[in-house]
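We name chains A, B, ... by the order of the sequence lines, and we start the count at 1 in each one. If you're wondering where the values come from, they're calculated on a predicted model, not measured in any experiment.
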2 protein chains.
Amino acid sequence: MSKLVPSTEIVLPTKADFPSYTPKQEAILQGAVQVFLRCGYAGTSMDRVAAEAGVSKQTIYSHFQDKEGLFTALMERMTIRRFQALFHTETLCGEPEALLRRFAETYLTQIADKEYVALFQLIIGESARFPELAKLYGRTVIQQGRHLMSDYFRHHPELGFTDPEAIAHIFVGSLVSYVVAQEIFYGNETSPLSRDRLIENLLNLVLHR
Amino acid sequence: MSKLVPSTEIVLPTKADFPSYTPKQEAILQGAVQVFLRCGYAGTSMDRVAAEAGVSKQTIYSHFQDKEGLFTALMERMTIRRFQALFHTETLCGEPEALLRRFAETYLTQIADKEYVALFQLIIGESARFPELAKLYGRTVIQQGRHLMSDYFRHHPELGFTDPEAIAHIFVGSLVSYVVAQEIFYGNETSPLSRDRLIENLLNLVLHR
DNA sequence: GTCTATAATCAGATAGAC
DNA sequence: GTCTATCTGATTATAGAC
């Protein structure tokens with residue numbers, strides 16, 4: 001254990017995960033987004049998707065194998081896009097406090113987005129039926145955030161973290177569960193906690209000790 | 001603000017939330033658990049529930065108004081039961097470190113249970129269609145945990161927390177998101193982190209500073 | 001490739017016998 | 001109260017015209 005290598009290997013999305021679609025396929029996917037996110041997998045009918053997309057049902061079946069094929073293609077695309085939006089612009093450098101605050105704010109803004117929350121809910125709800133989707137999502141959106149953070153901690157031993165990976169788990173996990181509690185379990189109505197208060201206390205806990 | 005009162009009022013389940021059921025109704029509910037937890041709301045058919053419960057479909061409709069009525073009755077019951085299992089035996093007293101470790105271990109054990117995870121997933125997936133269920137769940141299972149902790153912090157000012165509620169948010173949130181990452185997004189397969197490591201680092205972060 | 005029309009099945013909910 | 005049988009509409013998927 002002499003080299004500073006990550007203790008977990010992250011499998012990043014490759015070019016094979018970014019298939020390109022024809023305009024017709026784009027129309028289908030765009031229509032499918034609305035319905036799947038609102039009604040869930042079983043609650044979505046192909047008729048509804050066809051109507052929303054402005055194409056016939058048979059056209060959907062000729063481009064995507066079946067309902068499962070359409071659903072997985074759509075979910076994979078949305079997951080990868082979120083991944084890009086989350087981490088494309090982020091380069092973890094600068095002073096620890098400013099960096100961590102910027103990371104937390106960016107991450108929270110991204111995952112508290114309405115469409116994002118709906119995607120999150122859908123993948124959780126279908127995690128048993130579509131485990132590969134859940135794994136892809138976990139690897140790209142959740143683990144990648146932890147990975148960036150723990151790498152930063154590892155390369156800044158002056159912060160004094162003996163277990164950077166666990167701290168990253170706690171840091172990112174607090175952000176994720178905040179959104180779950182506030183947006184999905186309606187905590188913003190029953191027991192609100194401002195984003196600033198969360199971030200301030202999280203930074204205090206991690207840095208000022 | 002001179003008295004030590006909780007800053008958020010928790011609405012606890014009352015006796016009205018514990019309806020009693022006849023043996024026939026118990027059989028129906030017991031059959032419905034299996035199917036709803038495995039197939040989701042839309043994916044569950046009343047025929048299937050009837051078969052699983054060993055009764056006729058009409059019997060279900062005569063005891064519960066319709067599919068929604070059966071589903072909400074079942075979810076409410078499971079939520080309340082989990083709430084009891086979580087907090088009935090727990091009294092927060094003793095030394096901070098031992099207390100917090102015991103709390104974290106009990107909480108994790110409870111919410112990492114297979115049936116519990118399935119309930120969690122189902123309520124998240126149906127949170128848009130059944131917001132009242134999500135609110136009930138959030139109030140009883142999640143907020144109640146935070147409430148117990150922040151109360152404890154508030155009554156032990158020697159711990160030096162300027163914002164007990166936010167710290168409780170982070171503490172309980174880390175536990176919840178750990179289970180989400182490990183059990184729902186299959187983190188135990190792709191990037192495992194032991195329960196002990198999480199708890200140890202969480203306690204370090206909160207207490208030893 | 002795209003559409004209209006249709007097949008085959010299954011859903012939630014009810015009627016009526018016992 | 002409970003069951004069997006049934007109704008009505010919606011669902012996935014396909015056939016065949018253009």
Side-chain angles (χ1 to χ4, degrees), chain A residues 19-77 122-123 125-126 128-133, chain B residues 19-78 122-123 125-133:
Chain A
S20 62
Y21 292 108
T22 68
K24 207 76 177 181
Q25 289 170 328
E26 287 289 342
I28 295 171
L29 289 170
Q30 205 169 338
V33 175
Q34 320 294 332
V35 193
F36 275 119
L37 288 189
R38 273 202 326 133
C39 311
Y41 178 76
T44 291
S45 78
M46 297 296 266
D47 282 292
R48 187 75 180 280
V49 173
E52 197 82 23
V55 302
S56 81
K57 213 165 35 166
Q58 177 60 25
T59 303
I60 302 180
Y61 278 98
S62 71
H63 284 282
F64 301 89
Q65 196 173 12
D66 51 14
K67 191 181 176 181
E68 274 193 30
L70 173 63
F71 182 70
T72 54
L74 177 66
M75 291 295 106
E76 282 172 10
R77 190 168 91 139
L122 189 47
I123 290 194
E126 301 299 334
R129 195 199 294 258
F130 298 96
E132 291 310 317
L133 287 182
Chain B
S20 61
Y21 293 108
T22 68
K24 209 74 175 180
Q25 289 171 328
E26 287 289 342
I28 295 171
L29 289 170
Q30 203 169 340
V33 175
Q34 320 294 330
V35 192
F36 275 120
L37 288 189
R38 275 203 324 134
C39 310
Y41 178 76
T44 291
S45 78
M46 297 296 267
D47 283 293
R48 187 75 179 279
V49 173
E52 198 80 24
V55 302
S56 81
K57 209 161 43 164
Q58 177 60 27
T59 302
I60 302 180
Y61 278 97
S62 71
H63 284 282
F64 301 90
Q65 196 171 12
D66 51 14
K67 191 181 176 181
E68 274 194 30
L70 174 62
F71 182 70
T72 54
L74 178 65
M75 292 294 105
E76 282 172 9
R77 191 169 88 139
M78 293 188 74
L122 187 49
I123 291 194
E126 301 299 333
S127 144
R129 195 200 293 256
F130 298 96
E132 292 310 318
L133 286 183

Considering residues at least two apart in sequence or located in another chain, which fulfil the salt bridge (charged side-chain N to carboxylate O under 4.0 Å, His left out) criterion with A/Asp66? none

Show which side-chain atoms of residues 42-51 of chain B pair as donor or acceptor with protein atoms under 3.5 Å away, not counting sequence neighbours.
from	atom 1	to	atom 2	distance (Å)
B/Thr44	OG1	B/Val35	O	3.3
B/Thr44	OG1	B/Gly40	O	2.6
B/Ser45	OG	B/Arg48	N	3.0
B/Asp47	OD1	B/Lys57	NZ	3.4
B/Asp47	OD2	B/Lys57	NZ	3.4

As a test of understanding, state which of B/Val33, B/Leu74, B/Ile60 forms a side chain to side chain contact (heavy atoms under 4.5 Å, CB included) with B/Ile28. B/Ile60

In which ranges does DNA chain D form stems of 3 or more consecutive Watson-Crick or G-U pairs, distances under 3.5 Å? C:1-18 with D:1-18

List the residues meeting side chain to side chain contact (heavy atoms under 4.5 Å, CB included) with A/Ala53, not counting sequence neighbours, and say none if there are none. A/Val55

The side chain to side chain contact (heavy atoms under 4.5 Å, CB included) partners of B/Thr22 (sequence neighbours excluded) come to B/Lys24, B/Gln25, B/His63

Contacts of A/Glu68 that satisfy salt bridge (charged side-chain N to carboxylate O under 4.0 Å, His left out) - sequence neighbours left out: none

Nearest 0.5 Å please: distance from the CD atom of B/Gln65 over to the OG1 atom of B/Thr72. 9.0 Å

What heavy-atom pair brings A/Phe64 and A/Ala73 nearest, and what distance separates the two atoms? CE2-CB, 3.9 Å

How far does CG of B/Leu122 sit from CE of B/Met75, to the nearest 0.5 angstrom? 4.5 Å

Go through residues 64-74 of chain B and report each residue with a non-hydrogen atom lying under 4.0 Å from DNA chain C, sorted by number. B/Asp66, B/Lys67

Please name all residues satisfying ring-ring contact (aromatic ring centres under 6.0 Å, His included) with A/Phe130, sequence neighbours left out, ordered by chain then number. A/Tyr41, A/Phe71

Note: chain A reaches DNA chain C at heavy-atom distances under 4.0 Å over the stretch, first to last nt, 5' to 3', of C/dT2 to C/dT4

Can you name the salt bridge (charged side-chain N to carboxylate O under 4.0 Å, His left out) partners of B/Arg38, sequence neighbours left out? none

Taking side chain to side chain contact (heavy atoms under 4.5 Å, CB included) as the test, write out the residues that go with A/Glu26, two or more places apart. A/Tyr21, A/Arg77

Which of residues 27-58 of chain A sit near DNA chain C, with a heavy atom under 4.0 Å from it? A/Val55, A/Ser56, A/Gln58

